[in-house]
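Take a look at the structure set out below.
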Number of protein chains: 6
Amino acid sequence: MNWIDEGALYAQITSFLREDLGRGDITTQSIIARNTRARARFVAGENMIVAGLEAAEEVFFTLDSQQQLEAFVSDGEAVEAGKVIARMIGFADVLISAHRVALNLLQRLSGVATLTNNYVKAVEGTAAQITDTRATTPGLRPLERYAVELGGGYNSRFGLDDGVLVTLDHIAILGGVAGAVRTAKEKLGYVHKVAVQVANENDVREAVDAGADVIVIEDLNPTEFGRLAVIARERSSAVAVECGGNITLANVREYAEAGAQLIRVEALTNAAPAANISFQVQPF
Amino acid sequence: MNWIDEGALYAQITSFLREDLGRGDITTQSIIARNTRARARFVAGENMIVAGLEAAEEVFFTLDSQQQLEAFVSDGEAVEAGKVIARMIGFADVLISAHRVALNLLQRLSGVATLTNNYVKAVEGTAAQITDTRATTPGLRPLERYAVELGGGYNSRFGLDDGVLVTLDHIAILGGVAGAVRTAKEKLGYVHKVAVQVANENDVREAVDAGADVIVIEDLNPTEFGRLAVIARERSSAVAVECGGNITLANVREYAEAGAQLIRVEALTNAAPAANISFQVQPF
Amino acid sequence: MNWIDEGALYAQITSFLREDLGRGDITTQSIIARNTRARARFVAGENMIVAGLEAAEEVFFTLDSQQQLEAFVSDGEAVEAGKVIARMIGFADVLISAHRVALNLLQRLSGVATLTNNYVKAVEGTAAQITDTRATTPGLRPLERYAVELGGGYNSRFGLDDGVLVTLDHIAILGGVAGAVRTAKEKLGYVHKVAVQVANENDVREAVDAGADVIVIEDLNPTEFGRLAVIARERSSAVAVECGGNITLANVREYAEAGAQLIRVEALTNAAPAANISFQVQPF
Amino acid sequence: MNWIDEGALYAQITSFLREDLGRGDITTQSIIARNTRARARFVAGENMIVAGLEAAEEVFFTLDSQQQLEAFVSDGEAVEAGKVIARMIGFADVLISAHRVALNLLQRLSGVATLTNNYVKAVEGTAAQITDTRATTPGLRPLERYAVELGGGYNSRFGLDDGVLVTLDHIAILGGVAGAVRTAKEKLGYVHKVAVQVANENDVREAVDAGADVIVIEDLNPTEFGRLAVIARERSSAVAVECGGNITLANVREYAEAGAQLIRVEALTNAAPAANISFQVQPF
Amino acid sequence: MNWIDEGALYAQITSFLREDLGRGDITTQSIIARNTRARARFVAGENMIVAGLEAAEEVFFTLDSQQQLEAFVSDGEAVEAGKVIARMIGFADVLISAHRVALNLLQRLSGVATLTNNYVKAVEGTAAQITDTRATTPGLRPLERYAVELGGGYNSRFGLDDGVLVTLDHIAILGGVAGAVRTAKEKLGYVHKVAVQVANENDVREAVDAGADVIVIEDLNPTEFGRLAVIARERSSAVAVECGGNITLANVREYAEAGAQLIRVEALTNAAPAANISFQVQPF
Amino acid sequence: MNWIDEGALYAQITSFLREDLGRGDITTQSIIARNTRARARFVAGENMIVAGLEAAEEVFFTLDSQQQLEAFVSDGEAVEAGKVIARMIGFADVLISAHRVALNLLQRLSGVATLTNNYVKAVEGTAAQITDTRATTPGLRPLERYAVELGGGYNSRFGLDDGVLVTLDHIAILGGVAGAVRTAKEKLGYVHKVAVQVANENDVREAVDAGADVIVIEDLNPTEFGRLAVIARERSSAVAVECGGNITLANVREYAEAGAQLIRVEALTNAAPAANISFQVQPF
């Protein structure tokens with residue numbers, strides 16, 4: 001992540017803490033004396049790719065700018081159940097009040113990285129790259145894209161403004177592939193590659209002939225997908241072929257072997273369960 | 001949701017759209033003429049409890065304040081796979097540019113409502129209430145709490161500032177249950193109920209005798225949980241008993257039958273996969 | 001105050017300075033050379049409880065992050081007229097430009113703490129607690145609650161979202177006490193105590209029988225108040241009795257002696273005159 | 001107030017409501033059905049100048065953009081105890097949830113207007129104008145200045161950036177009056193009048209000779225003040241004389257009769273108790 | 001402009017008005033009665049391409065949401081000196097207080113459009129496109145890009161995040177062209193075209209061979225530029241050639257005739273003088 | 001500039017960087033390794049008054065709080081073409097990613113200072129002061145006023161709220177000069193000087209007699225301007241005379257010699273071309 005993301009992350013974490021703490025942690029303030037020292041640790045409850053340690057540390061840091069987190073692994077590393085991921089020494093009230101937001105981020109991002117990694121391992125040895133989609137959690141896209149990268153996946157365009165993809169919805173409105181591709185290339189082609197989603201063999205020919213840089217094929221079975229991929233590449237060696245739709249851990253390798261160079265998987269960011277990580281505080 | 005939530009939701013949806021659209025949907029702007037009319041629909045791809053229709057409509061409305069959504073079901077209603085949930089008539093560019101954010105919200109919230117409902121059905125006929133926790137997606141807590149309610153679950157405290165829960169972390173620092181409960185009651189007891197997490201039989205006695213209003217027992221098996229619940233209630237008929245920890249769809253009923261009045265389930269909001277809902281645009 | 005309040009305080013102080021300085025202190029900028037050193041002091045002009053020193057220091061700190069304030073008393077301490085409360089050494093322009101906002105806060109908060117303390121002393125030796133209300137200065141509630149505490153008073157609920165009080169307005173709409181109390185307990189009773197404002201003996205009985213945790217009685221004379229308080233407590237030893245309405249320094253002790261456990265006083269935060277404190281700058 | 005104040009007021013009222021309602025009025029939401037109609041009224045509990053009706057209406061409007069307030073008097077009008085100031089018909093939940101913020105503003109501003117008016121009446125028949133100072137409530141300066149005007153007082157400079165006042169603090173640093181006045185006139189004199197605070201007869205002569213437009217004399221008794229005022233005006237007929245310091249309702253007329261053209265009174269905005277106004281809701 | 005730009009524009013215009021009006025137009029408020037009707041008009045003082053009418057209208061609309069502007073030309077249209085561009089009927093105070101901000105925008109944007117148009121006309125009949133650069137006024141980039149389009153120019157990438165340009169600065173650090181191009185293509189090439197700035201013939205060959213999509217050549221004379229352009233296109237027919245550097249109205253056609261497909265001109269947005277437009281108000 | 005301007009500047013620079021960098025400099029991030037050290041310098045491409053070095057440094061500082069800029073000249077200093085204005089040592093990615101925003105500010109502000117200085121030199125030896133106007137770039141007024149000062153010009157009122165100017169537009173609505181001046185003096189005259197724009201000899205007499213402090217005469221030729229200036233000063237020695245309208249470098253001295261004490265020049269801030277300054281990065 002760069003400074004822009006970092007700046008935005010910092011602002012977000014403040015708002016996440018505000019969501020959880022509101023006017024303050026009344027329980028902790030009423031029973032724990034300020035300046036009580038304590039130790040705490042994060043422990044993996046299952047095998048996982050860890051993601052979000054920097055974000056987690058930032059949560060504590062936001063409450064207490066002296067608070068540090070000693071990580072025993074790096075973001076992106078694989079750990080086994082039982083592993084102590086990180087430990088902290090600091091004020092008991094800070095550790096207790098902040099931990100839930102930190103844990104919510106760490107569990108979710110580790111969940112995304114872990115699921116991504118499972119897909120990446122499923123296509124190991126093929127030429128296919130696993131990529132994320134725009135099916136992210138609203139508000140968390142930069143963090144989830146980062147987790148996808150940590151899991152070995154690739155990022156697609158960030159949003160609607162930095163990449164060009166002509167979808168079936170566009171084509172339904174326009175009534176054809178070729179015109180859409182040509183217009184997009186004319187207006188945006190000096191800066192952007194033009195990707196086009198196609199539904200059938202005819203679309204593939206039209207799109208390639210109109211100069212599409214990337215052909216996206218969704219919701220076909222691996223055999224049919226493979227047939228269209230071959231047609232596309234025969235027509236132009238410069239074109240890239242991407243698949244998407246109902247990709248699962250069970251079928252992803254079939255698409256890779258059928259010739260997908262890019263495989264977009266919505267589940268990476270909208271169906272990853274939180275990784276099991278616990279947090280405990282103890283007297284110093 | 002009340003006006004405050006609505007105001008916050010509106011601001012959030014603007015930021016969600018900004019996350020996805022950035023400086024604008026360059027593809028759509030380059031190939032779809034403004035003022036092109038189109039129709040669109042949301043279709044359920046599996047059985048689910050629908051949640052988030054109002055939020056979805058708000059997404060389109062934010063781009064075009066004339067845009068409305070005609071829903072065929074209400075938030076909280078159960079639908080079967082194939083059901084057309086809602087349809088829209090409007091400008092093609094608005095429908096296409098906004099749909100991903102709307103879908104991301106609708107799928108996620110319907111996922112939460114559906115999973116919650118599965119837990120609720122699992123304890124049907126017992127006295128237990130399924131409640132959410134603070135293990136929500138950072139930034140989406142109000143929406144996810146709303147989805148839990150739609151699924152038949154109950155909301156626990158919103159955050160650290162509007163309810164009192166003495167946890168094992170507090171007790172580890174303080175070295176005992178009784179003092180924590182008494183201090184919390186003295187300082188906050190005129191306004192708030194005091195809940196206490198306990199680890200064993202001795203804790204239960206101490207907590208009840210110190211005046212705790214709610215006893216929270218986590219990570220015990222149903223039998224052991226039930227034994228402590230009985231002890232708590234024998235000591236004070238006014239006390240409520242809540243269970244938590246590794247609650248799953250497979251074991252939740254056992255805890256309910258063991259006497260849990262409240263069962264807190266983190267998975268409701270941190271492990272619900274997005275519901276399968278599709279969105280298609282067609283010429284008007 | 002905790003970090004959340006501190007964060008909000010910092011943002012507020014910036015806006016308070018912006019309100020007063022706008023685009024800058026044109027007089028001082030035109031006649032005082034930058035980097036001119038000076039000394040300054042705050043002097044009490046009457047007997048008072050001091051409140052707001054941290055806020056005052058923050059004002060100067062916001063203009064010059066090197067600026068410190070050396071306080072000779074702590075927030076909450078009683079001082080006599082003529083006492084030098086604090087002194088500062090720093091840049092003349094910073095001291096002059098910032099002092100009005102600092103003084104406005106310090107005078108107002110010390111006024112609240114001093115008036116609160118007068119009420120607290122008036123009920124000394126009784127069981128009554130003096131509490132604040134929501135009749136605070138819009139925008140200054142956290143600071144004024146803090147001043148009330150410094151004066152020896154207690155804080156009631158912060159706002160409408162963290163405590164439950166059924167008022168006569170609610171009851172006027174609903175047509176009765178019992179139903180309101182029962183509904184509130186059912187929906188909010190696991191987390192919150194339920195307080196109810198009552199108007200007469202019948203209301204008291206209904207409220208206590210329906211399970212109200214706190215009975216609030218306003219605008220009765222001390223004798224009549226005392227009679228209802230006895231009825232409430234006879235009916236349930238667990239109920240607390242609170243009084244409010246036109247409480248003055250002249251009559252507050254009568255209510256305390258009539259059995260009020262909590263006495264809510266609007267004047268603490270809406271009728272306290274600014275304490276008399278002066279600020280002078282001198283060459284270094 | 002102009003649009004800028006109105007825009008700022010609107011934003012402030014949202015933040016005031018957020019301060020009081022936080023995540024929502026949990027009591028009202030749990031017991032009052034939405035869409036229940038009710039009537040409400042504001043009643044004066046003492047004689048006063050009313051100020052803040054527009055702000056009060058804005059509070060309700062912010063919660064419900066259909067909500068109106070029917071005022072029976074205008075801002076700035078004098079009313080007697082018992083007078084119904086305004087009435088409203090609307091949704092019970094809106095009326096109940098919003099009323100405290102509205103009342104806090106209306107009571108405070110009416111208090112300022114009423115106290116100002118008492119000062120104005122005390123100097124009736126003299127040439128003196130009562131003016132406010134910068135000793136306002138942080139965050140409420142525009143509203144309090146408006147209330148001062150309604151009470152018949154005059155507004156001094158808004159802040160440090162739109163008027164020039166050389167104070168004793170500046171003079172203490174600079175070591176003399178004349179140079180400060182001359183520099184201020186040279187740098188700011190094409191746009192602003194230059195006012196100077198003086199401590200003694202010599203200062204008066206220096207200030208007038210250096211071209212000061214307004215002479216400010218504080219903390220002298222009326223006789224001594226009058227003597228210096230005469231000296232100032234003898235030296236230049238163009239100069240205006242202003243007094244300040246410990247002005248009270250008891251002594252203000254003496255200063256007016258001693259020749260003060262402007263009398264600045266801090267108490268207007270920092271010692272006015274909230275006016276006694278009540279609010280009641282009834283079924284429709 | 002799309003909704004995102006429009007939303008941002010609206011926020012900006014509010015801040016522009018706040019910059020100019022601050023706490024309000026004190027002159028107008030003191031001497032013009034509210035609700036005084038007036039008429040006003042914008043008149044061209046020289047020949048120009050008009051740009052910014054929508055922004056100008058938005059300025060007035062922000063002060064008074066009833067205020068409309070009747071334009072006699074459209075954005076992008078050429079007008080001659082003396083032409084009445086637009087007229088308004090509304091409140092005198094709104095027209096007077098808002099007009100300076102409106103005029104500042106309209107003059108500046110018309111200046112940009114007019115200068116752009118002069119460059120476009122200078123290359124008429126050639127294949128060259130005039131494009132803007134990132135040398136825009138900080139804060140006004142979207143508006144200035146819009147003015148460039150109105151003048152007949154093309155927009156280059158919006159910022160550093162939506163297009164890829166390897167500059168001489170990058171190459172100086174990396175020590176060579178080929179590696180930079182290859183890395184950029186590998187990491188960003190599925191979504192973006194890769195443009196490379198080159199300094200000499202060798203760079204051209206390296207860049208084209210490494211797969212660059214656009215070759216940017218700056219600060220060479222037209223002959224030398226033309227020579228390199230030929231080399232680039234001989235090596236790959238797919239590559240586009242762009243020129244930049246010290247392009248002036250005097251030399252731009254030479255570059256166009258030497259084979260530049262794109263000519264980037266910093267002056268469009270950083271050296272266009274405000275167009276001469278006047279604004280007058282008259283009684284209705 | 002004071003802290004308020006500095007605070008606002010800091011916020012603006014962040015938004016300027018966000019405008020240019022958006023989600024990050026994708027080119028630099030993909031090809032330059034983090035922590036690569038580099039050197040860079042700013043070089044004057046023509047003779048100029050330098051302005052904006054502090055703002056330029058702040059741009060880099062915002063991306064990397066360790067980054068400093070070593071300036072070889074101060075803001076306001078004259079430099080010749082070829083002069084190295086400043087140099088920097090730091091991280092290559094920071095230097096490259098931030099430089100465009102820094103350069104945009106430095107070029108624009110140096111352009112304003114240089115043009116202002118040309119006007120100042122044109123009236124050298126006369127009593128006239130060159131002043132700026134409100135014809136500034138929206139959003140950049142504080143910086144441009146600062147550049148005007150560096151060029152030797154004077155600042156007029158900041159905005160509509162801190163100075164009083166009755167214009168021809170006001171007079172057109174009111175139907176006469178005298179009443180407007182008297183009302184403005186009565187309402188604002190204790191704090192502000194009153195300036196009046198006049199159109200003819202009769203207006204001059206009316207304005208001076210009504211007590212105007214400054215007479216503004218626009219759009220007359222120097223001779224006619226001089227005649228009215230004499231009339232104004234004969235009538236009151238206290239009045240100041242200001243001229244404006246179509247002032248150019250060619251005619252400004254004539255107005256100065258005709259007796260203008262203040263000459264307002266819109267071109268200073270709306271027609272100054274960016275100064276020619278280049279920025280280059282090299283390996284460390």
Side-chain angles (χ1 to χ4, degrees), chain A residues 12 15-16 19-28 30-32 36 38 92 95-97 99-101 103-105 107-108 134-141 158-162 164-167 169-170 172-175 179-180 183-184 187-188 192 266-267 270-271 273-274 280-283, chain B residues 12 15-16 19-28 30-32 36 38 92 95-97 99-101 103-105 107-108 134-141 158-162 164-167 169-170 172-175 179-180 183-184 187-188 192 266-267 270-271 273-274 280-283:
Chain A
Q12 271 197 313
S15 83
F16 295 161
E19 182 184 65
D20 193 35
L21 275 80
R23 302 177 186 118
D25 179 351
I26 55 177
T27 307
T28 302
S30 75
I31 62 177
I32 303 285
T36 307
L95 295 173
I96 291 175
S97 296
H99 91 273
R100 171 50 55 193
V101 173
L103 206 51
N104 284 351
L105 286 168
Q107 289 183 305
R108 178 165 304 263
R134 290 167 40 243
T136 54
T137 308
L140 298 183
R141 188 171 290 175
F158 189 101
L160 293 171
D161 63 339
D162 70 335
V164 179
L165 172 59
V166 179
T167 66
D169 286 336
H170 292 112
I173 297 297
L174 294 168
T183 306
K187 294 200 184 155
L188 301 164
H192 302 284
E266 295 199 348
N270 79 7
Q280 299 118 22
V281 177
Q282 289 183 315
Chain B
Q12 272 197 313
S15 84
F16 294 161
E19 183 184 64
D20 192 35
L21 274 82
R23 302 176 187 120
D25 178 350
I26 55 177
T27 307
T28 302
S30 75
I31 61 177
I32 302 285
T36 308
L95 295 173
I96 291 176
S97 296
H99 90 274
R100 173 47 57 194
V101 173
L103 206 52
N104 284 351
L105 286 168
Q107 288 184 306
R108 179 165 303 266
R134 287 165 43 242
T136 55
T137 308
L140 297 183
R141 187 170 291 174
F158 189 101
L160 293 171
D161 62 338
D162 70 334
V164 179
L165 172 59
V166 179
T167 66
D169 286 336
H170 292 112
I173 297 299
L174 293 168
T183 307
K187 294 200 184 157
L188 302 164
H192 302 283
E266 295 200 349
N270 80 6
Q280 298 119 23
V281 176
Q282 289 183 316

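Note on naming: letters A, B, ... go to the chains in the order of the sequence lines (proteins, then strands), and numbering restarts at 1 for each one.
- In this structure, NE2 on H99(B) lies 6.5 Å from CZ on R134(A), to the nearest 0.5 angstrom.
- Contact tally against chain B (heavy-atom pairs below 4.5 Å) for T183(A), T136(A), L105(A): the top residue is T136(A).
- At a 4.5 Å heavy-atom cutoff, the contact between I96(A) and chain B is made by side-chain atoms alone.
- Residues I32(A) and L174(B) come closest through the heavy atom pair CD1-CG, 3.9 Å.
- By number of non-hydrogen pairs under 4.5 angstrom with chain A, the leading residue of K187(B), Q107(B), Q282(B), Q280(B) is K187(B).
- Checked by atom type and distance alone, the side chain of T27(B) never pairs as donor or acceptor with a backbone atom of V166(A) at under 3.5 Å.
- Contact annotation for L103(A): neither backbone nor side-chain heavy atoms come within less than 4.5 Å of a heavy atom of chain B.
- Both the backbone and the side chain of T137(B) come within less than 4.5 Å of a heavy atom in chain A.
- In this structure, L188(B) and S30(A) approach most closely via the heavy-atom pair CD1-OG, 3.6 Å.
- The two residues I26(A) and H192(B) make their nearest non-hydrogen contact at CD1-NE2, 3.6 Å.
- Chosen from A135(B), A180(B), A271(B), the residue pairing most often with chain A at heavy-atom distances under 4.5 Å is A135(B).
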Inset, instruction - Given side chain to side chain contact (heavy atoms under 4.5 Å, CB included), test D20(A) with R141(B) step by step and report yes or no. - result: CA-CA 9 Å; D20(A) 193 35; R141(B) 187 170 291 174; 2.6 Å; yes
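- With contacts defined as side-chain heavy-atom distances shorter than 4.5 Å, the pair N104(B)/N270(A) does not qualify.
- The two residues V281(A) and A172(B) come nearest to each other via the heavy atoms O-CB, 3.7 Å.
- Proximity to chain A is limited to the side chain of R108(B), based on heavy atoms less than 4.5 angstrom apart.
- With chain B as the partner, the residue from A184(A), S15(A), G139(A), P273(A) showing the most heavy-atom pairs under 4.5 Å is G139(A).
- Distance NE2/H170(A) to CD1/I31(B): 4.5 Å, rounded to 0.5 Å.
- Residue contact with chain B, scored on non-hydrogen atoms closer than 4.5 Å, involves the backbone and the side chain of E19(A) alike.
- You'll find the side chain of L160(A) stays beyond 4.5 Å of the side chain of T28(B), heavy atoms only.
- For chain B, the option among L140(A), T36(A), L95(A) with the highest count of heavy-atom pairs below 4.5 Å is L140(A).
- Counting heavy-atom pairs closer than 4.5 Å to chain A, the top-ranked of the candidates A274(B), P283(B), G159(B), P138(B) is P138(B).
- Here CG of D162(B) is found 11.0 Å from CG of L21(A). Values are rounded to the nearest 0.5 Å.
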